[in-house]
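Convention: sequence-line order gives letters A, B, ...; per-chain numbering from 1.
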Amino acid sequence: MRHGRWRFLLAALAPALVLHAVFVLSPYAQAFYLSLTDWTGVAGQARFVGLDNFARLGADSLFLDALRNNAVMLVVVPAATVVLALFLASMLHGRRPVRGASAYQIVYFFPQMLSLVIIAVLWGFVYNPNTGLLNSGLRAIGLDGLTRSWLAEPSLALIAVMAVVVWSSVGFYVVLFSAAIDSIPKEMFEAAVLDGAGRWATLRRITLPLVAESVQVAFVYLGIVALDGFVLVQVMTVGPGGPDGATEVVGLSLYRTAFTYGKFGYATAMGVALFFAALTLAVFALRWGRRSTVETA
Amino acid sequence: MTALMQRPVRRPETAAAPRERWNPLPHLAMLAWAVVTALPLLWAVTSSLKTDQEILNEPWSPPARPHWENWSRAWTAASIGRYFFNSLIVVGGALALTMLLGSMVAYALARYQFRGNRLLYYTFVAAMFFPVFLALVPLFFVVQQLGLLGTYPGLILVYTAYAVPFTVFFLHAFFRTLPGEVAEAAVLDGCSHAAVFFRVMLPLARPGLVAVGIFNFLGLWNQYLLPLVLNPDPDRYVLAQGLAALSVSQGYRSDWSGLFAGLTIAMLPVLVAYVAFQRHIRAGLTAGAVR
């Protein structure tokens with residue numbers, strides 16, 4: 001039996017481990033070394049340049065645009081999505097059951113089922129200045145003055161992209177928060193009503209503290225989404241990344257630098273910078289999460 | 001807890017009723033978001049049945065008569081059918097391989113004690129916390145050197161490698177909660193280790209396998225970054241790649257109806273499958289997030 005045990009373990013673990021080592025571990029490990037070279041893709045011609053790539057990143061205005069846009073998305077997207085989703089989830093689970101609540105959940109979840117490419121192509125049409133759903137809708141109700149070239153104006157393009165990210169994410173978090181609200185004992189709401197708490201007080205004093213853990217999960221996931229943004233920007237925006245860097249994101253800079261310009265060392269340095277940015281944020285999020293759970297406990 | 005909630009509690013409705021007027025705000029808010037969510041999707045579906053003239057001149061009106069030929073044009077002339085087929089092969093292969101390898105690793109690490117068990121577990125799971133962008137450039141050259149660039153096996157292996165860590169993470173917790181007695185009884189009856197796994201433990205883990213399977217299917221079906229870099233041959237484009245390419249090329253040719261038809265063909269099967277299994281899918285996906 002002992003012999004069979006080791007043979008089984010080897011058969012169960014070895015194939016996955018080989019795949020993992022070749023396609024996951026080795027690329028990640030190589031990335032840290034490549035980011036310190038000026039490699040352009042020719043085998044054996046990677047010259048070690050130390051931290052030069054990172055110094056150049058600090059002066060690369062397009063990369064700085066990308067960092068700024070990802071930072072803006074990091075501030076706006078999670079907050080807007082969580083507020084909207086919490087609002088809808090608490091409406092869906094008021095003190096009385098709302099008729100059609102499950103039908104609403106089905107519809108809200110639709111965007112979660114679609115690939116980001118489909119969403120990007122679709123919203124590219126919606127934003128089309130002449131024939132798009134948005135502008136023609138505005139014209140139909142007489143608001144011609146509000147029509148814009150949503151993706152062509154530098155001051156609007158990033159907002160338009162973020163609106164799509166929020167549109168595509170809200171439904172998932174409505175369902176997540178709904179499940180959390182459902183698990184709160186009904187007696188707590190009833191007690192609150194007896195104590196004379198209004199709708200707003202119930203939300204603030206009972207619902208919010210008891211779904212805090214789900215909200216934290218939501219912030220972490222949405223933070224990851226906000227640091228990416230590649231697919232929407234690459235498929236939907238002019239340039240892509242335009243107009244004039246207004247919607248550039250780090251992933252797009254990296255992709256273009258590597259696979260259009262062939263500057264593989266420099267592109268990898270962007271990846272390493274992105275990794276450390278994400279790591280810093282994760283550490284902060286963990287600290288903040290631990291403190292706030294201690295407070296509620 | 002459940003016993004408490006099912007017991008007929010004296011509801012304070014009589015006390016609260018006078019203060020609770022019917023409030024239209026929740027209904028209006030929920031209806032508004034439902035419209036915002038569904039309208040672009042409905043618009044795409046109706047536009048896919050219109051002529052280009054109708055799309056350009058009357059964006060909000062339904063078609064005078066449905067033009068199904070847009071769909072067949074998108075399927076054949078715009079190669080949506082081929083992209084669909086490519087996606088099916090790559091995602092089907094990767095999903096099967098991911099579930100097999102992921103469940104074996106999760107089971108071995110969850111139910112067997114040996115030196116290095118923890119280290120192996122963290123080696124797999126840690127990969128979930130690194131951005132794929134970091135690995136992108138070296139990964140391209142690894143795949144190129146293996147001669148797998150732009151091939152089905154190449155995509156299937158890479159998809160699998162990147163889907164296994166979450167699968168292991170999810171199923172590891174699942175296998176830990178399964179009762180050990182059943183497995184021990186099977187061993188006493190003379191089952192081999194592999195037989196215990198495939199005949200006893202895997203069927204017991206079905207709910208977990210379904211949840212993580214749905215999660216993986218959607219993640220792999222919607223993958224865009226990996227094929228964009230690793231799959232440059234237009235004949236082997238997966239659906240997401242094909243649609244993105246189509247939106248550029250059809251835009252030049254102003255074949256809007258064909259593009260809307262392609263979009264609808266890509267969108268509808270997923271939405272129909274979702275409506276059919278919506279409860280499982282929502283439960284599976286949100287369970288994946290909370291874990």
Side-chain angles (χ1 to χ4, degrees), chain A residues 4-5 8-9 12-13 15-16 19-20 22-24 26-28 30-31 34 88 91-92 94 98 104 106-111 113-118 121-122 126 131 133 136 140 171 175-176 179 185-186 190 193-194 217 221 230-231 235 251 254 258-259 264 267-268 271-272 274-275 278, chain B residues 1 5 12 15-16 26 29-30 33-34 37-38 40-41 43-44 55-56 59-60 101 104-105 107-108 112 114 120 124 127 130-131 133-139 142 157-158 160-162 164 192-194 221-222 224-225 229 240 243-244 247 263 266-267 270-271 274-275 278 282 286 289-290:
Chain A
R5 178 185 135 106
F8 173 70
L9 279 181
L13 295 172
L19 268 190
H20 195 65
V22 171
F23 291 113
V24 182
S26 104
Y28 280 124
Q30 288 178 50
L34 278 183
L88 289 166
M91 292 285 135
L92 220 49
V98 173
Y104 281 125
I106 295 178
V107 174
Y108 291 175
F109 213 71
F110 276 164
M113 291 294 113
L114 303 177
S115 76
L116 277 172
V117 170
I118 293 183
V121 174
L122 177 62
V126 172
T131 60
L133 186 70
S136 54
V175 174
L176 189 72
K186 292 279 172 291
E190 285 163 2
V193 172
L194 282 181
V217 171
Y221 276 76
F230 173 79
V231 179
V235 176
L254 190 159
F259 299 103
F264 293 105
T268 317
V272 172
L274 183 70
F275 166 68
Chain B
M1 184 68 82
M5 293 198 310
M30 288 186 303
W33 189 256
T37 307
L41 306 179
W43 179 65
I55 290 174
L56 293 176
W60 278 69
L101 297 184
M104 285 201 303
V105 170
Y107 173 75
Y112 287 83
F114 56 91
L120 270 183
F124 276 109
F130 287 75
F133 283 106
L134 179 56
L136 206 56
V137 169
L139 179 65
V142 166
L157 290 177
V158 172
T160 305
Y162 281 84
V164 159
S192 70
H193 289 276
W221 186 260
N222 295 340
Y224 177 64
L225 180 63
V229 172
L243 269 182
S247 82
L263 200 62
M267 207 162 68
V270 187
L271 289 185
Y274 161 65
V275 172
Q278 41 105 2
R282 283 207 311 270
T286 42
V290 186

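- Closest non-hydrogen pair, A:Y28 versus B:A135, comes out as CE2-CB, 3.6 Å.
- Closest approach of A:V235 to B:S247, counting heavy atoms only: CG1-OG, 4.5 Å.
- Aromatic ring pairs are classed by plane angle as parallel below 30°, tilted from 30° to 60° and perpendicular above 60°; the pair A:F230 and B:Y224 is tilted.
- Of all heavy-atom pairs between A:I106 and B:Y274, the closest is O-OH, 3.1 Å.
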**OP:** Carefully, step by step, assess A:V272 and B:L134 under the rule side-chain contact (heavy atoms from CB on, under 4.5 Å).
**Re:** CA-CA 6 Å; A:V272 172; B:L134 179 56; 3.7 Å; yes
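- Minimum heavy-atom separation, A:L88 to B:A29: CD2-O, 3.9 Å.
- At least one donor-acceptor pair closer than 3.5 Å links the side chain of A:Y108 to the backbone N or O of B:M30.
- At a 4.5 Å heavy-atom cutoff, the contact between A:L133 and chain B is made by backbone and side-chain atoms alike.
- Only the side chain of B:V142 comes within less than 4.5 Å of a heavy atom in chain A; its backbone stays farther off.
- Atom OG of A:S26 sits about 8.5 Å away from atom CG of B:L139, to the nearest 0.5 Å.
- The parts of A:I118 that come within reach of chain B are both its backbone and its side chain, each placing non-hydrogen atoms under 4.5 angstrom from that chain.
- Taking the side chain as every heavy atom from C-beta outward, A:L19 and B:T160 approach each other to under 4.5 Å.
- Aromatic ring orientation, A:F8 versus B:Y107: perpendicular (interplanar angle above 60°, classes split at 30° and 60°).
- Put simply, CG on B:N222 and CE on A:M113 are 9.0 Å apart, with the number rounded to the nearest 0.5 Å.
- Residues A:F23 and B:L157 share a closest heavy-atom pair of CE1-CB, 3.9 Å.
- Within the model, atoms OH of B:Y162 and NE2 of A:H20 stand 9.0 Å from one another, a figure rounded to the nearest 0.5 Å.
- At least one side-chain heavy atom of A:L13 sits under 4.5 Å from a side-chain heavy atom of B:L120.
- No side-chain heavy atom of B:T37 sits under 4.5 Å from any side-chain heavy atom of A:F109.
- Taking each heavy atom of A:G251 and B:F133 in turn, the nearest pair found is CA-CE2, 3.5 Å.
- Less than 6.0 angstrom separates the ring centroid of B:F130 from the ring centroid of A:F275.
- Counting only distance, with no hydrogens or angles, the side chain of B:Y112 and the backbone of A:R5 share no donor-acceptor pair below 3.5 Å.
- Of the atoms belonging to B:W43, it is side-chain heavy atoms, and not backbone ones, that fall under 4.5 Å from chain A.
- Proximity to chain B involves both the backbone and the side chain of A:A31, based on heavy atoms less than 4.5 angstrom apart.
- Contact annotation for A:F264: both backbone and side-chain heavy atoms come within less than 4.5 Å of a heavy atom of chain B.
- Contact count against chain A (heavy-atom pairs under 4.5 Å) is highest for B:P131 among B:A44, B:P131, B:A38, B:A108.
- For the options A:S136, A:P15, A:A278, heavy-atom pairs under 4.5 Å to chain B are most numerous at A:S136.
- B:L271 is listed as a side-chain neighbour of A:L114, based on a closest heavy-atom distance under 4.5 Å.
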